[in-house]
Every structure is written in C-alpha cells, then in structure tokens.
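What follows is one structure encoded as structure tokens, with my remarks underneath.
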Amino acid sequence: MIMKSDGFIRITAAVFRKDTSSELRTRYALNALFLFTLTTLSIILFSFQSATVPVQVHAGLLWVLIFFAAMSGLSRTFITEEDRGTILLLKLSTISTPVFYGKLLFNVLLLLALTAILTILYSLVLPGFAVMSMTSFCISLFLGTVGLASASTIIGALIAKANARGTLYPVLSFPIVLPLLLTVIRATTIAMEDPAWDAAMDEYRVLVSYIVAINAASYLVFEYIWKD
Amino acid sequence: MKAFQAILGVWLSAVIFCALMFPIVGEITRWYEFPVIPGLEQKARILFFHVPLAWTSVVGFVVSVFYAIRYLRSKQIDDDIKSSSAAGLGLLFCALTTLTGSIWAKFSWGSFWNWDPRETSIFVLLLIYGAYFALRSAVQEDDKKATLAAVYAIIAGVTMPFLMFVMPRIIESLHPDPIINTRGKVSMNSTMLVVFFSSLAGFTALYFWIYSLKLRVARLEFKRSSAGE
C-alpha cells in the first residue's frame, strides 16, 4: 500500500512498477509498437527495392520511424488511466509529481527498448546502412530518445484530458519536438559520416539542454494538468 | 483613445511613406537617403515591414505565455481571454510575416520556400499557434480548456528559444540578418535606423491597439456565451 506520506522515490518506483506490470500483463503497447515497426520497415524496404540511398536519408528515415512509433505508443500511459477510470484512485492515493516521473521513466525505457530493436532491425535489413562512430551514434540515439520520450510524456498527459486524442497527439507534439528532431538527425548523420566520437559535440549540448528545459517545464506544469 | 488612434495613424503613414519613398543611393549626400546594402538593394525596403511583423508575432506569443502563467496562478478566466486573444493576434501577424518573407525570398533566393532555418522557425511558430487553437477547440469546458491551453503555451514557450536562437546558429542561414549584421555591426545609416525603429514602435503600438479591441470583443463574447447557457 502506497501512502501520500511515503517518499518521493518510493512513489515514483511504485507507479513505474504498476505501469510495467500492467504492460507486461497485456503487452498491448509492446506488441502494437513492434508490429508498427515491422510494417513501416517493410514499406520502406519495398519502396527502396535495391536502390542505394545517401546517409542523410537513412538518418532521417530512422528518426521518422522512431517519432511515429513514439506518437502511436507513448500517450497510452495517461489515456488508459482516464479510460479505465483508475485516475481517480491514483489521484486519491498519491501526489502529482512522482506520478509524472514514474510514467516518464516507463515511457523512456519503453522508447529506449523500441529504438534499440528498431535500429538493429533497420541496420540488418537495409543495405548501405553503416555507422562510422558507434559511440557517437549511441549517444545521439540515447539523447534523442530521452528527449522525445520526455516531450511525448507531458503532451500525452495533456492530451488525455482532451477529446479527439488520436489526431491531436501528433499535431501538438510535432512543433514541440521539431527542434529536437532537427538536431538529432544532424547528430546521427554526423555519427554515420565522421569517425570522431565528439564531432557532434554542439548537437549533444543542444540535446541535453532541450531535455533539461522540457523536463523542468513539465515538472512545473504537470500539477495543473493533474489537479484538473 | 481618439488621440492615440490619430497619432498612430499619422505615425504609421509617415513610416510607410519614408520606407517606400526615400531613395536608396550609393553615395549619401542628403539626410533622407538610404545606403545600398550589398545583396539587398531595393529589396531592403521590406525590412521596414517584415521585421516589425516578425517582431510583433513574437510579442504576441510572449504576451500569450505571460497570461498563460498568470492564468495558472490565478485561475481567473479573464487571464485566459487575454492569453488566447494575444495568441489569435499573434497568429495573424505570424501569417503576415510568413507571407512577406516568402515574397521576399522569391525575389532574393529564387523560390517562395526553401527551408532556411529562419523559415523553419517561423513555420513552427505557425504550427504552434495552429496546435494551440486545435487544442482549444477539442475541449468543451471553459476551465479545462483554459488550463490545457495555458500548459501547452508554456511548454511551447520553453522550446521556442531553441528554434529562434539555437538552430539558426548551428545550421547556416541565408537570412539577411547575418548579412546585415556581420560581427554585430549594423550597416544601416542613421536615417534608416530611425525609420526602422519608428516602424518597430509603430507596429508594436498597432499590435496593442488591435489587442485592446480584440480583448473587448472576446470579453463580450464570453459574457454572451455564459449568459446564454
């Protein structure tokens, strides 16, 4: 039993455990996202045939895939709470901020796992996909995924309160994540072209400051969405 | 208010007259002549309209975010009316900025649109305004609508500096502000600067005048809709 008097970290961990076990029970998001990835990848494969494409196209496509995967899966954590009516219980038994961080943690891990699977699949099936600096590539993917998950989580919390959620989610998210996407696509391209691991240092700085900014803003405003 | 309108009208007419009629010459001999800016020539005249429009669209956004924060603290519906009115007007100025910039781009760069970082940032500002109003129309209850819109405006306000200030510095831009403003040195002469800042002040005053009108209309509409229910 989680009480309001419990510590911040304990509540966060409890919310995270709850979301993880409910996800593992149904495997809805995992299955849907995996099949989504498979479908989009095969469409890309069919349309490319055996054409060789430049590196920038690969970096761009990879992030298009990750972005839409995030858009189709990450709003679920908040929407299911509304749909099942469990949000009232959650509101009664906990305080707002740890709920947000629990769900953020869940979304970050879900998207990280998805990005890993997606990237491995992508590099296996698409010819001409080569990375010059593995370190730089992993840093870019990691920072980009964390930033994307952070932005998606707060927009997901917002969208759960509105009607027409499905169509509104990408509409609201796109302008917010565009600075991140543009930067991370550049960073990924650099990682695929330049063997030096710190060639994209400027981009990392932008990504880190984006993550800090969006999380600080989320921390400040989440309470207002939650109390509503 | 009457006096303010008269002054504003005369002021903006004078600015438009100066901006369009003052000759642009290579050798400046008289006080009313503008210098030639390499690469811009006669097209430099758009500076007096396009930049103030872009400025006011950002002012509209900042005012909107300011009242969004005020709304979350006070929960007064009037703050939400102020916030959404500012955003509505910002959207109008943002569309005008995109339009004037795109016409200028056609004659300077050869195409109406080519994803220069500056064009990208104004496009995203346009998208944010669009998303803001899409979100507002998706919620029925006034309080909830106001809260969600305020939260969205604040989150957008946090990410906007990345597009406005960070991206154009990472990605090379062809936009004239680095051309005019190489190493922070302005190559406009004093006449040009006076007209430019008068235009900036005039457009800002115009924004706040239309804003006060829009605010009155929005308050009346809100009163009518809550009385009708």
Side-chain angles (χ1 to χ4, degrees), chain A residues 147 150-187 189-190 200-228, chain B residues 61 65 68-75 80 91 94 115-117 119-172:
Chain A
S150 312
S152 309
T153 309
I154 186 73
I155 302 290
L158 199 73
I159 217 75
K161 302 277 178 188
N163 313 325
R165 296 154 178 169
T167 41
L168 217 49
Y169 192 42
V171 170
L172 292 189
S173 306
F174 182 66
I176 305 290
V177 297
L178 194 68
L180 175 95
L181 281 182
L182 289 175
T183 318
V184 83
I185 288 172
R186 276 179 68 85
T189 313
I190 292 172
M201 209 55 191
D202 285 346
E203 275 78 8
Y204 300 157
R205 286 198 192 106
V206 176
L207 290 176
V208 169
S209 46
Y210 179 91
I211 293 170
V212 171
I214 198 87
N215 277 313
S218 309
Y219 169 73
L220 291 173
V221 296
F222 179 71
E223 207 186 320
Y224 296 101
I225 311 176
W226 186 248
K227 271 195 299 199
D228 201 43
Chain B
F61 187 66
V65 172
I69 297 171
R70 277 257 305 249
Y71 174 77
L72 287 185
R73 296 174 73 95
S74 70
K75 293 281 172 186
D80 177 59
L91 175 64
C94 191
W115 295 112
D116 189 79
E119 288 181 326
T120 312
S121 55
I122 203 77
F123 173 69
V124 174
L125 189 57
L126 215 52
L127 279 184
I128 287 176
Y129 278 131
Y132 176 84
F133 287 106
L135 177 65
R136 290 188 75 88
S137 61
V139 188
Q140 254 74 50
E141 306 91 322
D142 283 323
D143 295 352
K144 207 168 163 189
K145 179 197 285 186
T147 308
L148 295 186
V151 166
Y152 188 69
I154 291 168
I155 296 170
V158 168
T159 52
M160 211 45 215
F162 285 92
L163 276 159
M164 283 292 179
F165 305 112
V166 181
M167 297 301 295
R169 273 159 190 72
I170 294 189
I171 302 168
E172 294 148 59

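None of these values were measured; they are calculated from a predicted model. A note on names: the letters A, B, ... follow the listed sequences, proteins ahead of strands, and every chain is numbered from 1.
Exactly one of A:Leu180, A:Ile176, A:Val177, A:Leu178 qualifies for a side-chain contact (heavy atoms from CB on, under 4.5 Å) with B:Thr159. That residue is A:Ile176.
Interface summary for chain A: among B:Val151, B:Ile155, B:Leu72, the most heavy-atom pairs under 4.5 angstrom belong to B:Leu72. Chain B forms the most heavy-atom pairs under 4.5 Å with one residue out of A:Ala213, A:Ser173, A:Ala151, and that residue is A:Ala213. Counting heavy-atom pairs closer than 4.5 Å to chain A, the top-ranked of the candidates B:Ile154, B:Ile128, B:Val139 is B:Ile128.
The neighbour count for A:Tyr219 OH, taken as heavy atoms of other residues, nucleotides or ligands under 6.0 Å away, does not exceed 12.
Distance alone, capped at 3.5 Å, is enough to place a donor-acceptor pair between the B:Lys144 side chain and the A:Lys161 backbone.
Note that CH2 of A:Trp226 is 15.5 Å distant from OG1 of B:Thr147, once rounded to the nearest 0.5 Å.
Closest non-hydrogen pair, B:Tyr152 versus A:Leu172, comes out as OH-O, 2.7 Å. Minimum interatomic distance between B:Val158 and A:Ile214 (heavy atoms only, all atoms of both residues): CG1-N, 4.4 Å. Of all heavy-atom pairs spanning A:Pro175 and B:Val124, the tightest one is O-CG1, 3.7 Å.
Interface remark: A:Ser218 contributes no atoms to any contact with chain B (heavy atom separation under 4.5 Å). Contact annotation for A:Leu220: neither backbone nor side-chain heavy atoms come within less than 4.5 Å of a heavy atom of chain B. Within the 4.5 angstrom heavy-atom criterion, only side-chain atoms of B:Thr120, from C-beta onward, approach chain A. Neither the backbone nor the side chain of A:Phe222 comes within less than 4.5 Å of any heavy atom of chain B.
Within the 4.5 Å cutoff, the side chain of B:Leu148 has heavy atoms near those of the A:Ile225 side chain.
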